[in-house]
Amino acid sequence: MTSPNSQLDDMRRAIREADPSLSRFDPLPRIICLDDFDRGMCGWTQLVGNYEHSLDAMLPGYAQHSHAMLSTLPNWDFGSHGGVDGSYALKIATRPKTGAQNVAIKRLTFRKAGPIRLETYFTFKPEATELQLSETDIRSFGFLYDLQVGDQHGAGGNRVMPHLRFLNAENGVHLQKWQFKRETTPIKPIGTAGKTITHYHLAPTDWEDLPGGEQRLCYNEIPTKVNWHYLRFDFDLATMQATRFQVNDRVFDMQAYDCIRIPAMKNLWCMLNIGFFAETDTDKRAFAYLDSVCLSGDF
Amino acid sequence: MLPENLTAIVARNEIWTAESATEPYEAGWAKEAIVFVRALKPPKGKLPKARIEISADGMHWAPEGSEFDLPATENAVTFQRVAHFGNFLRVAASLPAGAEITVLVSMHFKA
């Protein structure tokens, strides 16, 4: 006999698969957000650095950040590219300087320390300022969580920052591999009130290769064409461990994976922030695009 | 449904000297924009007018025709209304030798 829970799962799955906007995803039972950028920015915003008294106090890594855009992926040679469906994607653009980064962030909190699943359709490309392929002009595309345990966790609770990036190229060499990091920069106090600290978790240092993380992604023959990629990252907020990482047809072994872990901070309980970022390897803007993002949880 | 509305900070604490401009902002979805410029520090030297520039691709720019004063004192604000700008928008200024302004530039869009 089929259990009521199994019947519920079957019904839920049937309803989702009948809905084209959800059928592209494989969410956990509760959808926390389904951000289709045809409906605006959906709460994705600029990651601004911490400061006190003066914006001059902001670390340069954060000072360079600018606001994401709603983009049709317009190109000078064939016009708007559009998204997987609908007209718009979220665009994260760096400045035109080697090593420049930019981040878009969504700030949430969680209501159960259990499994969560992040899914997105993404692509990236350099600004098409030259009539050549430019496949090594993007250094990286990646994503991160900024998480912290709830205020009832007790001793030993951490702020945990899972990071993963696709290192596309470095110094002009096409590397195409996934990396992670477990180190941030030293924590630095800001200002004089004793309330604000900062660290640059996206610093170019301390990235480690994900074993078996080499992946050749689809890229097109000219610098204006793109193809959309599927990405899924499963994480358990109870154990603060990654459980699965998939990009297109590849599921990666996460045995060696770990996150940045620092002691819990006094103001960030139950934090669930998600960020996506892009980085350029040349003096040319890097563009990362998200067609849509689905965050789901098991609760 | 309410129309789409967005505030984007396109330059924050950026020091403008010589030829300066905000990063390209894509907003083809918007019918209108207001660009605000605030001086975060006392400006130096003789400030020129700022100009609105538009672009089809974010790379090749044309003056839209609007010009407006840059803020003359710390925390002063100037602005320019823009409509029918197509796709990419930026604020640009050509500052003479010795002139300098630290700006906060925001763009407010409505569909």
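Bear in mind that the values here come from a model prediction, so they are computed numbers and not experimental data.
Residues A/Val293 and A/Leu118 have side chains in contact (heavy-atom distance under 4.5 Å, counting atoms from C-beta outward). Between B/Val37 and B/Val77, the closest side-chain pair of non-hydrogen atoms is not below 4.5 Å. The shortest side-chain heavy-atom distance between A/Leu90 and A/Met41 falls under the 4.5 Å cut-off. Side-chain contact between A/Phe276 and A/Leu290: present, with at least one pair of heavy atoms (C-beta onward) separated by less than 4.5 Å. Contact annotation: the side chain of A/Phe277 approaches that of A/Leu144 to within less than 4.5 Å [non-hydrogen atoms, C-beta and beyond]. A/Cys294 is listed as a side-chain neighbour of A/Pro27, based on a closest heavy-atom distance under 4.5 Å. Taking the side chain as every heavy atom from C-beta outward, A/Cys33 and A/Leu295 approach each other to under 4.5 Å.
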All inter-chain donor-acceptor pairs under 3.5 Å (chain B, chain A):
{"unit_1": "B/Ile9", "atom_1": "O", "unit_2": "A/Gln46", "atom_2": "NE2", "d": "3.4"}
{"unit_1": "B/Arg12", "atom_1": "NH1", "unit_2": "A/Gln46", "atom_2": "OE1", "d": "2.6"}
{"unit_1": "B/Arg12", "atom_1": "NH2", "unit_2": "A/Gln46", "atom_2": "OE1", "d": "3.4"}
{"unit_1": "B/Arg12", "atom_1": "NH2", "unit_2": "A/Tyr62", "atom_2": "O", "d": "3.4"}
{"unit_1": "B/Arg12", "atom_1": "NH2", "unit_2": "A/His65", "atom_2": "O", "d": "3.3"}
{"unit_1": "B/Asn13", "atom_1": "ND2", "unit_2": "A/Asp56", "atom_2": "OD1", "d": "2.8"}
{"unit_1": "B/Glu14", "atom_1": "OE2", "unit_2": "A/Arg95", "atom_2": "NH1", "d": "2.8"}
{"unit_1": "B/Glu14", "atom_1": "OE2", "unit_2": "A/Arg95", "atom_2": "NH2", "d": "2.8"}
{"unit_1": "B/Glu23", "atom_1": "OE1", "unit_2": "A/Arg285", "atom_2": "NE", "d": "2.7"}
{"unit_1": "B/Glu23", "atom_1": "OE1", "unit_2": "A/Arg285", "atom_2": "NH2", "d": "3.3"}
{"unit_1": "B/Glu23", "atom_1": "OE2", "unit_2": "A/Arg285", "atom_2": "NH2", "d": "3.1"}
{"unit_1": "B/Tyr25", "atom_1": "OH", "unit_2": "A/Ala68", "atom_2": "O", "d": "2.5"}
{"unit_1": "B/Glu26", "atom_1": "OE1", "unit_2": "A/Ser71", "atom_2": "OG", "d": "2.7"}
{"unit_1": "B/Glu26", "atom_1": "OE1", "unit_2": "A/Lys91", "atom_2": "NZ", "d": "3.2"}
{"unit_1": "B/Glu26", "atom_1": "OE2", "unit_2": "A/Ser71", "atom_2": "OG", "d": "3.1"}
{"unit_1": "B/Glu26", "atom_1": "OE2", "unit_2": "A/Thr72", "atom_2": "N", "d": "3.0"}
{"unit_1": "B/Lys41", "atom_1": "NZ", "unit_2": "A/Asp56", "atom_2": "OD1", "d": "3.1"}
{"unit_1": "B/Lys41", "atom_1": "NZ", "unit_2": "A/Asp56", "atom_2": "OD2", "d": "2.7"}

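By number of non-hydrogen pairs under 4.5 angstrom with chain A, the leading residue of B/Ala56, B/Pro24, B/Ala30, B/Ala111 is B/Pro24. Interface summary for chain A: among B/Leu6, B/Leu40, B/Ile9, B/Val10, the most heavy-atom pairs under 4.5 angstrom belong to B/Ile9.
Close placement of the A/Phe141 and A/Phe122 rings is indicated, their centers lying within 6.0 Å of each other.
Heavy-atom distances place no part of B/Phe109 under 4.5 Å from chain A, backbone and side chain included. In this structure, chain B has a heavy atom under 4.5 Å from the backbone of A/Ala68, while its side chain stays farther away.
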